[in-house]
Every structure is written in structure tokens, then in C-alpha cells.
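Notes follow the structure.
Because the structure is predicted, anything quoted here is derived from the model rather than measured. A note on names: the letters A, B, ... follow the listed sequences, proteins ahead of strands, and every chain is numbered from 1. Side chains included, hydrogens not; waters and symmetry mates left out as well; all remaining heavy atoms used.
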Amino acid sequence: MSAADVALELDCRGMLCPLPVIHLGRRVGEVAVGEVLAVVATDVAARTDVPAWCRMRGQEYVGEDTATDGSPRYLVRRSS
Amino acid sequence: MTSASGTAAPGGPATRGYLDAASSEPLHPAARETLLAALDQGYADPRRRHRSARSARLLLDNAREVVADCLGVRPDEVTFTSSGTDAVHRGLLGLRAGRARHGDAVVHSAVEHSAVVHAAAWAPGDRVTVEVDRSGRVSPAAVAQAATAPGVAVAAVQAANHEVGTVQPVGEVAAALAGTGVPLFVDACAAVGRLPLPHGWDAAAASAHKWGGPAGVGVLLVRKGARWRNPFPGDDRVDERTTGFENVPAALAAAAALQAVVAEREGVGRRQAALVDRIRAAAAAVPDTEVVGDPVDRLPHLVTFSCLYVDGEALVDGLDRRGFGVASGSACTASTLEPSHVLAAMGVLTHGNVRVSLTWDTTEAEVAGFLAALPEVVADIRAEVGL
């Protein structure tokens with residue numbers, strides 16, 4: 001997914017769980033329904049917890065790619 | 001000794017609020033009584049020829065026969081080890097060594113206990129992980145498929161999962177492996193004493209302190225006729241499958257505890273399962289909380305759930321301040337920064353995780369107290385982060 005398709009990117013580098021998901025929960029409302037929000041997180045728990053958050057909150061998990069510096073980036077489409 | 005046993009007796013105030021039996025069950029009263037008596041009679045070297053030695057040997061053989069009877073196996077299939085972990089290492093790696101001519105790879109489910117994972121990683125050769133479904137259950141066909149690859153020495157599937165309670169289809173895995181020549185190792189540490197031992201294994205392992213026996217006693221089972229080779233240096237003890245001086249009093253106490261819990265299993269299990277059903281329903285009613293593991297085909301005494309936006313360490317500490325001791329698979333509560341590989345393999349939330357496991361005598365009042373505290377502790381932690 002190109003940078004242009006991501007409406008908002010959250011920098012959660014260096015944060016430990018559950019902080020990346022807390023940021024995701026707080027800021028998902030800042031993008032419109034249908035838009036994609038990205039979470040850049042170095043904590044390995046985010047790889048499981050971002051998709052789990054999507055399932056529990058009825059949002060769509062798009063997948064994982066990498067940020068410009070190579071950090072894992074998790075993509076979420078706001079669906080409600 | 002008398003006063004110490006009086007204050008710490010199971011069922012006494014010391015264990016109230018302790019909801020971490022899956023980490024270690026408090027010593028069963030039957031084990032305490034047996035242990036104290038055996039300390040005075042089982043001190044000698046069971047390999048010597050004198051009277052004290054014969055007494056120790058008699059106690060050790062008695063312990064072996066009782067454990068064999070409780071598990072439905074032959075006494076010569078039972079070995080006492082120095083821990084459940086030691087039994088896992090010897091069981092898994094011994095079957096692997098017995099298949100050295102065929103290969104050195106180990107196949108195991110993605111939700112095995114770390115003792116299995118560490119043993120498989122320690123051994124030279126490939127380690128193949130078989131994925132599980134959302135409930136934590138492995139597919140017998142997937143295990144068989146992985147096991148039929150060239151160079152596979154042994155497959156490992158647990159009896160039931162130690163973190164989420166899901167029972168594994170061990171009998172079906174064994175049936176699927178039949179004809180492949182690949183032996184099956186079953187880590188039964190979480191299940192023994194709680195559920196009947198499944199069939200179809202070539203070697204299996206159990207741990208006494210998980211059923212109310214003393215710590216420092218593991219049980220290795222090796223099926224008669226299985227190709228098992230000692231993967232470690234040998235010794236000249238009573239039992240060639242293990243090493244070191246036998247802890248005769250502890251083995252006998254472990255056997256006494258197992259006999260007691262197996263005799264009480266039906267009633268205790270039914271009561272625990274009903275209490276766990278209540279916890280599952282109440283936890284699921286806490287907002288943004290997911291109860292994980294199979295709701296029906298599970299260990300009777302154990303339930304795990306995860307609360308969104310909650311720090312696992314804060315949750316464990318908050319519940320501890322309210323008088324409840326629970327475990328957690330969240331990374332921040334572990335010794336490493338890695339979250340539970342079990343929860344990750346299931347694809348369920350790894351943060352805000354709590355595992356509640358009931359002792360044989362956990363009361364309805366304790367569960368009610370825990371369920372009253374839980375939503376308040378969760379709400380307090382969420383309020384601090386503004387969610």
C-alpha cells in the first residue's frame with residue numbers, strides 16, 4: 001500500500017503493549033469510514049494485537065507492510 | 001513442623017484467593033500426610049541391600065504402582081524424574097533419539113508448553129510448527145501431513161493446553177500418525193489428575209505439583225515396546241530412564257496426591273467446570289473482553305480472557321491488591337518481552353490477559369469475590385489511559 005492510500009499514520013515506535021493499541025483505539029475516529037489508518041510499531045505484540053483489535057471492534061485488518069525506516073506497519077481500514 | 005502444617009493446610013486461609021492452580025496446585029492433604037511419614041522411612045538409597053534400603057525401594061515401587069494404576073499404564077512404563085520439564089525433555093528427545101536412523105526433525109503444535117519448544121530447539125535438526133485454530137486446537141490431519149515429510153523423527157502434541165485449557169485431539173492425532181512410523185510424544189502436564197490420560201502416545205510426561213503433589217517430581221511414561229533411547233548421560237540408578245538419587249518421599253507423596261485427585265476427579269471437575277462457566281460468562285460481559293479457548297472441550301479448572309487497552313501487569317497487580325492471585329500471558333508480565341506464543345498462535349489479544357485456574361477446593365464465594373473485583377479493576381486501568 002502506497003503512502004498516499006494511508007489517511008493517518010501513528011508512530012508507535014518504541015512503545016510497549018498495550019500502548020500501540022491504545023493509540024489505535026483513541027485515534028481511529030480521526031479517519032473517515034473507508035479510510036486506512038496505519039500503526040507503526042516495533043513491539044512484537046502488535047503483530048497479534050492489531051488484528052485482534054480489528055476483530056473485537058468490528059474493523060477491517062488490511063495487512064502488514066513496512067514503514068520508510070523498515071519498521072513493521074499494520075494497516076487498518078475503518079469500517080464503522 | 002506441626003504448627004507450620006497447621007497454618008498452611010490447603011483449604012485454610014493461606015490459599016484463599018489463590019486462583020493460579022495451573023501454575024502450581026497447593027499440596028493435597030493426602031500428599032502432606034504421606035510426605036511426612038515417608039520422610040522418616042524413605043531416606044536410604046533404594047539401590048542398596050540393607051533393611052533401610054529395602055524400605056526405601058518398597059516405597060518407590062509402591063509409588064510407581066499407584067501412579068501406574070491411576071494412569072492406566074504398566075508400572076514398568078512409569079519413571080519418576082526431577083520435574084515435569086525433565087520428563088518432557090526425556091520423553092520427547094528419547095523418542096527422537098530412538099528414530100535417529102530415520103531423521104532428526106521434531107514436529108510440534110504451535111501451542112506446546114515452552115518445555116517442548118525449548119527441547120525441540122535444543123536438539124540439532126529442523127523444528128516444524130503446526131498451526132492451530134482460533135480455539136487453540138491442532139488439526140490431526142495437519143500434524144500427520146507435517147510428520148510424513150522426510151527426516152521427521154517425532155511429533156509432539158499436548159493433552160490439553162496449559163494456558164487456555166483447550167483439549168487436543170490426541171487419539172485422532174495418534175490414529176492419523178498410525179502407519180507413518182513417527183512416534184507421538186504427549187505433554188500431559190496440564191491434564192493429568194484433571195482428565196483421563198489420552199491414548200495413543202509412545203511417551204508422555206506429567207508433573208506432580210500440577211495435581212497437588214510436591215514440586216520436584218515429574219512422571220515420564222514410555223510405552224512398552226516404544227523405541228526410546230536415553231538422550232542424556234546415563235546413571236546407575238533404579239530406573240535406567242532417569243538419573244540422580246531418587247526422591248522417594250516426594251514420589252510417594254505425589255502418588256498419594258494423584259490417587260486422591262483421581263478418586264475425587266468427577267465431583268471436583270463438575271464443580272470446577274460450573275464455576276468456570278460462571279467466570280466465562282461474567283468475563284465476557286466486561287466490555288471489550290474476549291474469553292478464549294474451547295468453551296466446552298477444555299480442562300475443567302481453567303479459563304483465560306483478554307481485556308482490550310489493559311496492561312497485563314497492571315491487571316495482575318490490581319487483582320493481587322484485591323486478594324486474588326492470577327497468571328497472565330501478556331508480554332509485560334513475562335520474563336521476556338515476547339507475548340505468549342500460545343495466544344499469538346491462536347490470533348487472540350495478547351495484552352490484558354488473565355488466566356484463572358481453580359484449586360481443588362476453590363469456593364463459590366472466592367469466585368464471586370473475584371468476579372466482583374474484576375470489572376472494577378479493569379475499569380480503573382482503562383480510566384487511567386482515557387479509554
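Note: B:Phe370 and B:Phe324 have perpendicular aromatic rings, judged against thresholds of 30 and 60 degrees for the angle between ring planes.
Test B:Arg355, B:Lys210, B:His162 against B:Ser23 for side chain to side chain donor-acceptor pair (under 3.5 Å) and you get one pass: B:Arg355. Each of B:Ser330, B:Ser340, B:Ser306 was evaluated against B:Asn353; a single residue qualifies, B:Ser306, per the side chain to side chain donor-acceptor pair (under 3.5 Å) test.
Only the backbone of B:Thr289 comes within less than 4.5 Å of a heavy atom in chain A; its side chain stays farther off. No part of A:Arg47 comes within reach of chain B, as not one of its non-hydrogen atoms sits under 4.5 angstrom from that chain.
A heavy-atom distance below 4.5 Å is found between the side chains of B:His351 and B:Leu349.
Contact tally against chain B (heavy-atom pairs below 4.5 Å) for A:Leu19, A:Ile22, A:Leu24: the top residue is A:Ile22.
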